[in-house]
Amino acid sequence: GDPTGKRRPYGPWLFTIDGKMGLHGTDEPEKLGLPVTHGCIRVSNENITKLKEKYVDIGTLVNII
């Protein structure tokens, strides 16, 4: 969780895919890999930050395989 006490269920970044699905970090890393979302793809905050800083910008084509 966030040391400030504020919940950040999407971690530091949330990318929407066609306005229907989210690719985001999480404030509950212990639940990564468990079926606890409503269709989103959750990754570690470290990985979502790396995606934002190095690879993804608005309009970036994303293929999920």
- M21 and I41: which non-hydrogen atoms are nearest, and at how many Å?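 Scanning both residues, the minimum pair turns out to be SD-CD1, 4.1 Å.
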
- Task: Return the minimal non-hydrogen interatomic distance between G33 and R42, and the atom names on each side.
- Result: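 Reported closest heavy-atom pair: N-NH2, 4.1 Å.
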
- Task: Spell out, yes or no, whether L34 and V43 are grouped together once hydrophobic residues are joined by side-chain heavy atoms under 4.5 Å, including indirect joins.
- Result: no

- Go through the structure and list residues passing side chain to side chain contact (heavy atoms under 4.5 Å, CB included) with I58, not counting sequence neighbours. none

- Non-neighbouring partners of K31 that pass salt bridge (charged side-chain N to carboxylate O under 4.0 Å, His left out), sequence neighbours left out: E28

Using 0.5 Å steps for rounding, measure from the [atom1] atom of [X] to the [atom2] atom of [Y].
X   : Y   : atom1 : atom2 : value
I48 : L14 : CD1   : CG    : 8.0 Å
T49 : K54 : OG1   : NZ    : 11.5 Å
L51 : F15 : CG    : CZ    : 6.0 Å

- Message: Under a 3.5 Å distance rule, please check whether T60 uses its side chain to pair with a backbone N or O of D57 as donor and acceptor.
- Response: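 At least one qualifying donor-acceptor pair exists.
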
- Decide yes or no for N45 and P29: does some side-chain heavy atom of the first lie under 4.5 Å from some side-chain heavy atom of the second?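 No, too far: nothing below the 4.5 Å cut-off.
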
